[in-house]
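To start, the structure under review is shown below, and the notes come after it.
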Amino acid sequence: QVQLVESGGGLVQAGGSLRLSCAGSGLFFSRYDMGWFRQAPGKEREFVAVISSSGSRIYYRNSVKGRFTISRDNAKNTVYLQMNSLKPEETAVYYCAADKNRRLASMEWEYGYWGQGTQVTVSS
């Protein structure tokens with residue numbers, strides 16, 4: 001069965017950095033676009049970034065452009081999210097997700113597989 005397992009979350013001070021990883025198994029990883037989403041307490045889950053199956057196309061939400069970098073290593077079935085200059089309001093559970101339709105999607109419903117999430121806490 002398909003599994004997506006996130007890691008790398010933790011507690012960091014405002015302005016700090018974290019690198020999240022998401023390892024996939026049970027799917028042809030290189031055939032899926034991979035996205036990152038986040039959900040803050042009391043808020044809806046929101047799109048953060050997506051990378052195409054080949055890694056050639058990337059799309060970010062505006063508020064993270066220039067600070068976050070999504071990348072992938074298809075040989076390792078892993079997608080990454082490097083997060084720099086983190087802000088307290090970015091405290092959330094971060095999820096990775098896989099989309100077989102490869103449309104560089106930003107909507108939750110377009111993703112068929114999800115990880116369990118990893119907590120990121122940014123202290124002020």
Side-chain angles (χ1 to χ4, degrees):
Q1 85 245 31
V2 175
Q3 279 195 313
L4 299 175
V5 180
E6 301 95 335
S7 61
L11 174 64
V12 64
Q13 288 189 331
S17 298
L18 282 174
R19 188 195 196 202
L20 305 184
S21 299
C22 170
S25 61
L27 75 169
F28 286 105
F29 188 81
S30 63
R31 296 181 184 178
Y32 286 75
D33 286 0
M34 296 299 297
W36 285 97
F37 289 75
R38 64 190 180 190
Q39 187 168 22
K43 295 189 177 181
E44 293 186 351
R45 191 153 53 184
E46 65 182 16
F47 167 79
V48 176
V50 58
I51 186 167
S52 64
S53 56
S54 67
S56 61
R57 296 180 298 149
I58 288 172
Y59 175 56
Y60 298 99
R61 73 179 294 109
N62 285 338
S63 64
V64 308
K65 286 179 181 177
R67 299 186 298 117
F68 289 15
T69 302
I70 189 171
S71 61
R72 67 190 295 160
D73 184 342
N74 285 343
K76 295 182 179 179
N77 285 5
T78 301
V79 62
Y80 306 96
L81 185 68
Q82 176 68 43
M83 305 185 294
N84 298 329
S85 302
L86 281 160
K87 304 174 182 180
E89 57 265 35
E90 293 178 313
T91 292
V93 177
Y94 283 70
Y95 299 89
C96 70
D99 172 23
K100 68 178 182 179
N101 295 314
R102 297 189 283 186
R103 292 179 290 201
L104 219 60
S106 60
M107 304 299 290
E108 274 189 74
W109 58 267
E110 297 191 82
Y111 288 81
Y113 300 109
W114 291 83
Q116 82 290 346
T118 186
Q119 176 70 47
V120 172
T121 302
V122 186
S123 63
S124 56

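The shown structure was predicted, so the numbers you read here are calculated from the model rather than taken from an experiment.
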Flag yes if F37 and L81 sit in one hydrophobic cluster, no otherwise; membership is Ile, Leu, Val, Met, Phe, Trp, Tyr, and two members link when side-chain heavy atoms are under 4.5 Å apart.
no

Could you tell me the separation between the CD atom of Q82 and the OG atom of S21, rounded to the nearest 0.5 Å?
9.5 Å

Distance in Å, K65 NZ paired with Y59 OH, rounded so as to fall on 0.5 Å steps
6.5 Å

Heavy-atom closest pair, residues S30 and N74:
CB-ND2, 3.6 Å

Counting only N and O atoms by type, is there a donor-acceptor contact under 3.5 Å from the side chain of D33 to the main-chain atoms of L104?
yes

Output for pair (L11 CG, L18 CG), nearest 0.5 Å, gives 8.5 Å

Are the side chain of Q116 and the backbone N or O of V5 linked by a donor-acceptor pair below 3.5 Å?
no

For the pair L4 and Y95, evaluate side-chain contact (heavy atoms from CB on, under 4.5 Å) and give the outcome as yes or no after the intermediate values.
CA-CA 9 Å; L4 299 175; Y95 299 89; over 6 Å; no

Quick check on the hydrophobic clustering: are W114 and V48 connected, directly or via other members, by side-chain heavy-atom contacts under 4.5 Å?
no

With a 4.5 Å cut-off on side-chain heavy-atom distances among I, L, V, M, F, W and Y, is there a chain of contacts connecting V2 to I51?
yes

For a quick test of reading the model, state the closest non-hydrogen atom pair linking T118 to G9 and the distance between them.
OG1-N, 3.2 Å

Measure the spacing between CD of E44 and CD of E108 and express it to the nearest 0.5 Å.
8.0 Å

Under a 4.5 Å cut-off applied to non-hydrogen side-chain atoms, are E90 and V64 in contact?
yes

Looking at CD of Q39 and CD of Q119, how far apart are the two atoms once the value is rounded to the nearest 0.5 Å?
10.5 Å

Which pair of heavy atoms, one from F47 and one from A105, lies closest together, and at what distance?
CE1-O, 3.7 Å

Atom CZ of R57: over 12 foreign heavy atoms under 6.0 Å
yes

Heavy-atom closest pair, residues T91 and P41:
O-CD, 4.1 Å

Of all heavy-atom pairs between C22 and M34, which one has the smallest distance, and what is that distance?
SG-CE, 4.3 Å

For the pair Y60 (side chain) and R67 (backbone), establish whether a donor and an acceptor sit closer than 3.5 Å, ignoring hydrogens and angles.
no

Do the ring centers of W36 and F68 come within less than 6.0 Å of each other?
no

Report yes if the side chains of S53 and Y32 come closer than 4.5 Å at any heavy-atom pair, otherwise no.
no

Contact between V120 and L20 at the side-chain level, heavy atoms closer than 4.5 Å - yes or no?
yes

Of M83, R45, R61, the one forming a side chain to side chain contact (heavy atoms under 4.5 Å, CB included) with R38 is R61

State, yes or no, whether a side-chain contact exists between Y80 and T69 at a heavy-atom distance under 4.5 Å.
no

Is it true that atom NZ of K76 has more than 12 heavy atoms of other residues, nucleotides or ligands lying nearer than 6.0 Å?
no

Flag, side chain of E6 to backbone of C96, donor-acceptor distance under 3.5 Å:
yes

Minimal non-hydrogen separation, V93 against G117, with atom names
CG1-CA, 3.7 Å

Sequence neighbours excluded, the answer for side chain to side chain donor-acceptor pair (under 3.5 Å) partners of E89 is none

